[in-house]
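Step one of this worksheet: look at the structure below.
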Amino acid sequence: MRGVHTLLIIYAILLIVGLTVPGMWQPVAFLMFYVALGQAFNIFLGLTGYVDFGYVAFLALGSYGMAIAMDSLYQTGLGAAILPIGLLLAALMSIMLSLAVGAVALRLRGAYFAIATIGVNEGFRYLIEGARLWGGSEGIIITGAMRKIFGREMANFISTMVADVLVFGIGLLAALTTYVIIHKRMGYALMAIREDEDAARVMGINVTKYKIMAFITSAFFAGLIGASAWTLKMTYVFPSDVFLITYTVEAIVIVMLGGAGTLLGPVVGGITYGLLKYYLSVILPGFQLLILAPLLVAIVVAFPEGIVGYLKERVRGTRFEGYIL
Amino acid sequence: MLLKVEDVTKRFGGLVAVDSVSFEIKEGEAFGIVGPNGSGKTTLYNMISGVYQPDSGRIIFDGRDITDLPAHARAPLGIGRTFQIPRPFPSATVRENVAVGAMFGRAQADVKEAMEISDYYIELVGLSEQANKAAGTLTPLEKRLMELARALAMKPRLLLLDEVMAGMNPKDIGNIIELLQKVRQEEKIAVVAMVEHLMHAITKFAERVMVMHQGRKLLEGPTMEVLNDERVIEVYLGKKIREGAEGAEGHRT
Ligand SMILES: Nc1ncnc2c1ncn2[C@@H]1O[C@H](COP(=O)(O)OP(=O)(O)O)[C@@H](O)[C@H]1O
Ligand SMILES: [Mg+2]
């Protein structure tokens with residue numbers, strides 16, 4: 001449980017800074033998006049060792065789920081109940097996609113899986129644009145719908161505050177889920193799969209089943225993040241904005257930087273990455289990627305187990321053992 | 001009959017690694033499989049444990065045709081094995097490694113129970129001091145013992161050991177054989193030990209042996225009888241005998 005305490009303390013500090021220091025809520029929310037993205041992705045990449053290059057499609061579909069709920073599902077009298085309905089639809093859509101992708105691609109081994117997922121994201125984007133699905137390339141704009149449903153002030157409050165709080169909560173929930181999984185049979189099964197898939201099979205582990213379970217769980221949280229951090233916050237969804245491979249790359253970087261499969265890794269990785277990106281764009285606008293990329297490579301080379309993975313090794317046997325998980 | 005292997009064949013490209021082999025193993029039996037390098041022993045294990053599908057033939061376990069079952073569905077029925085080249089989950093501890101066997105093998109233990117089973121078998125194979133070390137840091141010999149504990153923690157009814165005694169000194173071999181006889185009697189596990197060269201170990205351990213040669217079953221029967229058969233001596237020592245001199249000691253042990 002001590003690892004969870006460390007996690008809760010970091011979250012509490014972020015929340016207090018964001019709420020009490022004037023002007024800090026938006027920067028904190030910016031960091032929290034990366035933390036939550038890392039937490040959600042860690043459940044798949046961290047626990048199975050598989051890389052999904054199409055991961056952002058889950059956020060994108062979640063984002064559409066919320067937009068569709070606001071735009072087409074709303075009935076008078078539903079009121080604020082449309083928020084949980086939107087989240088539910090977002091989660092459902094991401095889960096459906098993860099089932100479809102997982103059932104086919106998760107039968108493949110590591111590198112083959114990664115290659116198979118590259119097309120998922122672009123494929124879905126072209127499907128939406130080409131088939132004029134969900135507004136095609138014009139996307140769905142829900143600014144008006146939200147004002148009608150919640151009133152102007154409340155709609156504003158939702159996109160400037162509620163959306164961020166949701167992302168905060170989803171990230172925390174994803175982290176606690178990771179903690180629970182790690183300590184259950186599922187966690188041991190995933191560890192075995194990560195370490196030696198063939199040996200895991202012979203030990204009686206249904207590797208496809210456990211990989212799909214981790215994939216679905218990860219996609220579920222990704223969908224909720226897309227619905228909150230994008231649709232509720234921006235009040236629109238454009239395919240060209242949400243199906244961006246950049247987010248997948250950022251998710252991979254955050255998990256690797258913090259420490260794949262660790263509980264605190266995505267928090268540390270998300271905050272580190274977010275701060276670097278933010279300050280580099282302030283100090284050297286336009287050059288941030290030029291500096292960020294080699295810097296990240298250097299960090300990952302120096303700490304192949306990630307920052308938390310490295311610290312975990314260092315505190316082994318000391319009284320801090322257990323606080324870093 | 002616990003295991004029936006019926007006319008099983010496995011090809012790799014043009015090579016017939018296992019060629020229509022049939023044999024049976026009784027419950028609780030101590031069975032030995034011997035044969036020179038490349039004679040198809042490991043491939044046979046791979047087919048019984050579900051790593052490979054045979055090209056033809058059937059495998060019956062406890063009266064049930066398991067030929068088409070995936071590996072992960074065979075372990076819970078009670079088939080446990082070790083690997084010729086040990087395959088620990090390297091960054092997990094020895095305790096966690098062995099616990100995985102208890103969780104997903106026939107024991108189907110929950111996490112707490114699995115840790116207790118793990119501790120029991122780690123102690124039995126003499127690895128208690130290494131219990132909290134990462135399995136990847138063990139010596140090759142310790143890795144073998146860890147795999148033995150992990151397979152035993154599965155609570156198998158059939159235990160397939162792939163060269164588990166290779167590289168051990170006579171004292172260690174004696175200990176392992178004693179340990180295997182103990183679990184065999186206490187837990188009614190049929191133990192199949194396969195060796196390339198350790199003939200004296202197999203004479204001490206097995207009641208019956210099967211000799212493999214170039215993918216085929218050469219002979220099967222009571223251990224001493226089979227190992228003293230002329231054809232078997234031919235397979236192992238033929239070359240050396242023809243070369244003369246040190247012939248009889250030709251089998252490296
Ligand atoms: N996966 C494989 N692919 C190709 N050839 C293989 C494979 N596994 C085993 N073989 C070949 O099958 C034959 C039998 O090998 P094996 O079962 O490992 O023998 P043993 O365990 O008796 O030494 C050898 O010629 C080996 O090279
Ligand atoms: Mg072999």
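Per chain, numbering begins at 1; letters A, B, ... match sequence-line order. A quick note: this is a predicted structure, and the numbers were derived from the prediction, not measured.
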Has [X] got more than 12 heavy atoms of other residues, nucleotides or ligands less than 6.0 Å from its [atom1]?
X: B:Leu15; atom1: CG; answer: yes
X: B:Met212; atom1: CE; answer: yes
X: B:Arg11; atom1: CZ; answer: no
X: A:Glu305; atom1: CD; answer: no
X: B:Gln185; atom1: CD; answer: yes
X: A:Met96; atom1: CE; answer: no
X: A:Arg107; atom1: CZ; answer: no
X: A:Tyr179; atom1: OH; answer: yes

Portion of [X] that has a non-hydrogen atom of chain A nearer than 4.5 angstrom:
X: B:Arg87; answer: both
X: B:Ala99; answer: neither
X: B:Glu147; answer: neither
X: B:Met103; answer: both

* Test side chain to side chain contact (heavy atoms under 4.5 Å, CB included) applied to B:Val100 and A:Met191, step by step -> CA-CA 9 Å; B:Val100 166; A:Met191 173 276 283; 3.8 Å; yes

* Locate the shortest heavy-atom distance separating B:Met115 from A:Tyr188; write the atom from each residue and the value. => CE-OH, 3.1 Å

* Greatest number of heavy atom pairs closer than 4.5 Å to chain A - which of B:Ala153, B:Ala109, B:Ala114 -> B:Ala109

* Asked: So, A:Glu195 side chain and B:Pro88 main chain: donor-acceptor pair closer than 3.5 Å or not?
  -> no

* **Per-residue contact mode, A:Lys209 against chain B (heavy atom under 4.5 angstrom)** => neither

* Asked: Do any of residues 196-208 of chain A come closer than 4.5 Å to chain B, heavy atom to heavy atom, and if so which ones, in number order?
  -> A:Asp196, A:Asp198, A:Ala199, A:Ala200, A:Arg201, A:Val202, A:Met203, A:Gly204, A:Ile205, A:Asn206

* Could you tell me the separation between the CZ atom of B:Phe89 and the CZ atom of A:Arg194, rounded to the nearest 0.5 Å? => 11.0 Å

